[in-house]
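Everything on this sheet refers to the single structure shown next.
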Amino acid sequence: MDRKLGGEPDSVAILSVVDVEYLTNDTPNGHANTLNPSEENKLESRRETLIMAYRTLGVVFGGLVTSPLYVYPSMPLKSPTEDDYLGIYSIMFWTLTLIGVVKYASIALKADDQGEGGTFALYSLLCRNMNIGFLSPKNIASNSSVSLSSSQEVAANKSRLGKFFEKSIVARRILLFIAMLGMCMLIGDGILTPAISVLSAMDGIRAPFPSVSKSLVEALSAIVLIVLFLLQKFGTSRVSFLFSPIMGAWTLTTPLVGIYSIIHHYPSIFKALSPHYIVHFFSRNGKEGWLLLGGTVLCITGSEALFADLGHFNRRSIQIAFLFTIYPSLVLTYAGQTAYLIRHPNDHDDGFYKFIPGPIYWPMFIIATSAAIVASQSLISATFSVIKQSVVMDYFPRVKVVHTSSRKEGEVYSPEVNYILMVLCVAVILIFGDGKDIGNAFGVVVSLVMLITTILLTLVMIMIWRTPAVLVALYFLVYFIMEGVYVSAVFTKIPEGGWIPFAISFFLAFIMFGWFYGRHRKIEYELTHKIDLGRLRILLSDPGVQRVPGLCFFYTNIQDGLTPILGHYIKNMRSLHKVTIFTTLRYLLVPKVSPQERIVVKKMGLEGVYGCVIQYGYADSLSLEGDDFINQVTDCLQEHIQIYTGRLPSNHVEIQEEISYLEEAKRSGVVHIRGKTRFYIGKNCSWFDRIMLAFYEVMHSNCRSALPALGVPLPQRIEVGMLYEA
C-alpha cells in the first residue's frame, strides 16, 4: 500500500537519463506555477498569446521568412523567360500554401507530444499510444499528450496497421530508422541554416564594394555566428525579445519593397497564382524545370522549425504569427522579386539585393544582415528541442539540458550541443564558402525532413487519430507525391554539396544507433536479472548476510522489481543496512512539485525495507544534500508506518518500535548507494556486438551520469560497480 501526500499528478515520467539544471530567475515570486492555469481572465490569456506570437518572430520563423535571400541565387537558371519566372513563382506560392499553411500550420501542430513538436516527437507519440518502442516503457508510459481514457480507447480499438507494427520487428526498426533520420536531418538543418542565412546576407556588402574579398565575407559571417551561439545560454525568452523587433522589421519591410517592385515592374504578377502556369512551366522546360525544383524547395526552408519549436511556445501563437504575418510577407516578397526579375531576367544570381531600390539599400542591408543572424535561431532552438526529446526517450547520449524558463517545460538549452553546432557551422562556412554548394546541401535536408514528417503524420492519423481512410489517402498522396518530386530533384545535387548533410546525418545516426543498441541490451539484461521481493527475502534469509546499522538510500530505475546491482551488492558485501530505502527519482511535466507531493513512500513487506519515489518538476532544484532531505523522508515514513500499521490488527507498541528502529538507523549514519555498470565483452560475443558495445561504452563513460546531480556529500556516497555479461 502506498502512502502519498496530497495525491499524485496525472502526468508522470521517470527521467533518469538526463542531467537537468534549472534557471528559475524568471519567476518573480518564486512560487510554483500550476499545471492547468485558470481561465478566469480570457482577455489576459489572449494578450499573453499575442505577446508569445510576437516572440515567435524572433525564434520560430527566422529561417522561413529570410529564405528570399538565397532562393533565386540557388537556382541554376539559364536565360530565363517571363513565362519561366511566372511558373517559378506559381510553384513557390503553392508550395508555401500547401506545405506551410495546410500541412504544418493546420495539421502538424495538432500532433504534439506533451507540447513538443518535430519528427522525433511524432515517433514518441506513436510509442506512447502503441506498443512499438524498443526501450523500457519507463520513458514512454506516462507522458502521453492524450488523456488516460483516450489512451485506453486507442489500445482497445487498434487499427490493423497498428497491430502490424506491434507484431513486426522489421517494421518497427524501419520506423525507428525513419525517425532517427528525420532527427539527424533536422540537426543538419540547424547547422546549415545559420551558415547559408548569414553568408547570403553578408554577401550583400560586395555589391557596393566589389573590392571586398569573398574570404573576408566568410570570416565576418563566422564571427557573427560565434556571437550568436554564445547568446544561447540566456534562453529562448530573452533571446526572442531581443530578436523579435529585428524580425518584425524584416517581415514588414520586405513585403513593402515587394509591393513597390510589383507596381513598378509587373503589376499583373498575381496571375501566376493560377496552377496552369506550373503545368506550362514543366511542359516547356522538361528535365531542366525538374532540376530547378532543387532551388525552389528552399522557399519553404524553416517550415519544420515551425513544428519542431512548438515546445518553446504554443500552437495558437505559432498559427497566429504564421498566418497573419509570415505567410503574407513571403507571398508579397517573392511576388516583388519575381516582378523585378521578369524585367531584369539575368539578375537572378543576386535576386534579393538587386531588387532593393537604391535609396534604401543600406537600411535594407542592415535589416537583412540582422534578420539572417536571427534566422539561425529557429533551427538552433529546434535542435535543442529534438536533442532533449531523444535524450528523455533514451535514444541519444546523455547531455546537460538546462531549462531556461520555469514557465515553459520545452524551453531548453544544451551547452554541449550548442558549442558543437557552433564549430560545425563555422566549419561549413570556412570550408564550403560557396553559397550554391551550401544551398544544394540545404535543399536535401529541407525536402527529406518534410517527407519524413509526412510519413509519420500519416501513421499518427491512421493509428491514433483514426482519421477516415479517404482523408488519409488524400493527404498522403498529395504530400508524398509533391515532396517526393522535390526529393528526387535535390538528390541530383549530392555531388555538388548535397553530400554534406548525409555525412552529418550518418555520423549522428551512428551515435544514436550505438547508444540505442547499448541501452537496449542493458535494459534486457536488467529486466532478465531483476530482483523481486521473493528473491530479496531469500538473500536476506542467508545466515551469512548481516543487517548492519545505518540508513541506506539505494537508487534504482526499475519500476517492476529491483536493480540486479542489489543482488551483486548483497552477495559480495554480505550485508544490507538495517533500514534500506529503495529510491527512484521521478520527473513530472510541471514547473514545481509542491512539498506535500514531493515524496511518496511505501512499505515493501520486509523488515526495514521501504520504497521511496522523489518527484520533481523541471523548475525544481534537486538536491539531497544536508539533513533536511533525510528528515523529510523519515517523517513521511513515520507517518506512513502509523497509518499503514494502524489499519492492521496490531497494537501501538509495534508502531513505536518500528519508528524507533528507523530513528536509531538514522542516528547510526546515512549512506547513498548507486550502481555503475559496464558490459563485459567476452570471446563468445559476435563481431557486431564487440564493435557496437565497445562504442557504447566509450560514449557511456564520457556522457553525463544517469542520475541528476544530487549534491550528495562525498563521505556518504558509494558507487557499486557491476559487469553485465554481453
Side-chain angles (χ1 to χ4, degrees), residues 13-14 17 111-114 118-184 389-390 392-396 451-473 475-477 479-480 509 512-530 558-561 686 688-689 692-693 696 726:
I14 292 180
V17 294
D112 68 289
D113 179 48
Q114 198 64 47
T119 53
F120 215 76
L122 289 173
Y123 177 73
S124 172
L125 182 63
L126 289 167
C127 290
R128 293 183 197 280
N129 289 276
M130 311 294 294
N131 185 25
I132 60 174
F134 284 94
L135 296 183
S136 169
K138 70 181 184 180
N139 293 327
I140 63 173
S142 50
N143 273 340
S144 176
S145 61
V146 296
S147 65
L148 180 60
S149 59
S150 61
S151 296
Q152 291 171 343
E153 183 181 343
V154 169
N157 190 25
K158 292 177 182 176
S159 65
R160 290 181 181 178
L161 186 61
K163 292 176 181 177
F164 168 74
F165 271 96
E166 289 184 350
K167 292 178 181 178
S168 173
I169 188 72
V170 174
R172 288 158 60 192
R173 284 175 176 169
I174 292 173
L175 183 62
L176 175 61
F177 171 77
I178 290 172
M180 283 185 173
L181 180 62
M183 176 190 160
C184 294
Q389 293 164 18
S390 57
V392 169
M393 287 191 68
D394 222 355
Y395 284 98
F396 198 82
L451 187 61
I452 289 170
T453 300
T454 292
I455 294 170
L456 294 177
L457 261 178
T458 303
L459 294 178
V460 169
M461 289 179 181
I462 296 171
M463 293 194 281
I464 300 176
W465 292 352
R466 307 308 298 271
T467 306
V470 175
L471 295 179
V472 174
Y475 167 82
F476 182 74
L477 288 174
Y479 288 100
F480 189 80
M512 286 188 73
F513 182 77
W515 182 262
F516 156 76
Y517 187 77
R519 291 298 300 164
H520 185 55
R521 291 293 301 272
K522 185 166 284 189
I523 288 168
E524 277 185 339
Y525 184 92
E526 289 179 344
L527 293 176
T528 304
H529 298 83
K530 67 183 178 182
I558 300 177
Q559 294 185 82
D560 184 19
S686 66
F688 182 79
D689 277 353
M692 296 310 299
L693 295 180
Y696 168 78

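Atoms considered below: every heavy atom in the structure, side chains included; atoms not considered: hydrogens, waters and symmetry mates.
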Item to check | Any residue meeting side-chain contact (heavy atoms from CB on, under 4.5 Å) with Thr528, in chain and number order, not counting sequence neighbours | outcome: none
Item to check | Those residues that, when tested against Ala171, pass side-chain contact (heavy atoms from CB on, under 4.5 Å) (two or more places apart) | outcome: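 Ala171 satisfies side-chain contact (heavy atoms from CB on, under 4.5 Å) with Phe164, Phe165, Ser168 only.
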Just how far is it from atom [atom1] of [X] to atom [atom2] of [Y], taken to the nearest 0.5 Å?
X: Ile174; Y: Ile178; atom1: CD1; atom2: CD1; answer: 7.0 Å
X: Ile464; Y: Met130; atom1: CD1; atom2: CE; answer: 7.5 Å
X: Ile452; Y: Leu122; atom1: CD1; atom2: CG; answer: 11.0 Å
X: Leu181; Y: Met183; atom1: CG; atom2: CE; answer: 11.5 Å
X: Tyr479; Y: Thr458; atom1: OH; atom2: OG1; answer: 11.0 Å

Checklist entry - Do the rings of Phe513 and Phe516 sit parallel, tilted or perpendicular, given the 30° and 60° boundaries? => result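 Rings of Phe513 and Phe516: tilted, as their planes differ by 30° to 60°.
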[X] versus [Y]: any side-chain heavy-atom pair under 4.5 Å?
X: Leu126; Y: Val460; value: yes
X: Arg519; Y: Tyr696; value: yes
X: Tyr475; Y: Leu457; value: yes

So which heavy atom on [X] is nearest to which on [Y], and how close?
X: Leu693; Y: Gly518; answer: CD2-CA, 4.1 Å
X: Gly162; Y: Met463; answer: CA-SD, 3.3 Å
X: Cys184; Y: Ala509; answer: SG-N, 3.5 Å
X: Ala121; Y: Asp113; answer: O-CB, 3.5 Å

Applying side chain to side chain donor-acceptor pair (under 3.5 Å), can you list everything that pairs with [X], at least two apart in sequence or on another chain?
X: Thr119; answer: none
X: Tyr517; answer: Arg521, Asp689
X: Thr454; answer: Lys103, Glu483

Checklist entry - If only atom types and distance count, is the side chain of His529 paired as donor or acceptor with the main-chain N or O of Tyr525 below 3.5 Å? => result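 It does hold such a pair.
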Checklist entry - With sequence neighbours excluded, what pairs up with Glu524 under the salt bridge (charged side-chain N to carboxylate O under 4.0 Å, His left out) test? => result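 Here no residue qualifies.
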Checklist entry - With sequence neighbours excluded, what pairs up with Lys530 under the salt bridge (charged side-chain N to carboxylate O under 4.0 Å, His left out) test? => result Asp560
Next on the checklist: With side-chain contact (heavy atoms from CB on, under 4.5 Å) as the test, pick out the partner of Arg172 among Leu176, Val170, Ile169.
Outcome noted: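 The residue from Leu176, Val170, Ile169 that satisfies side-chain contact (heavy atoms from CB on, under 4.5 Å) with Arg172 turns out to be Ile169.
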Checklist entry - Which residues pass the ring pair (Phe, Tyr, Trp, His ring centres under 6.0 Å) test with Phe476, sequence neighbours left out? => result Phe480
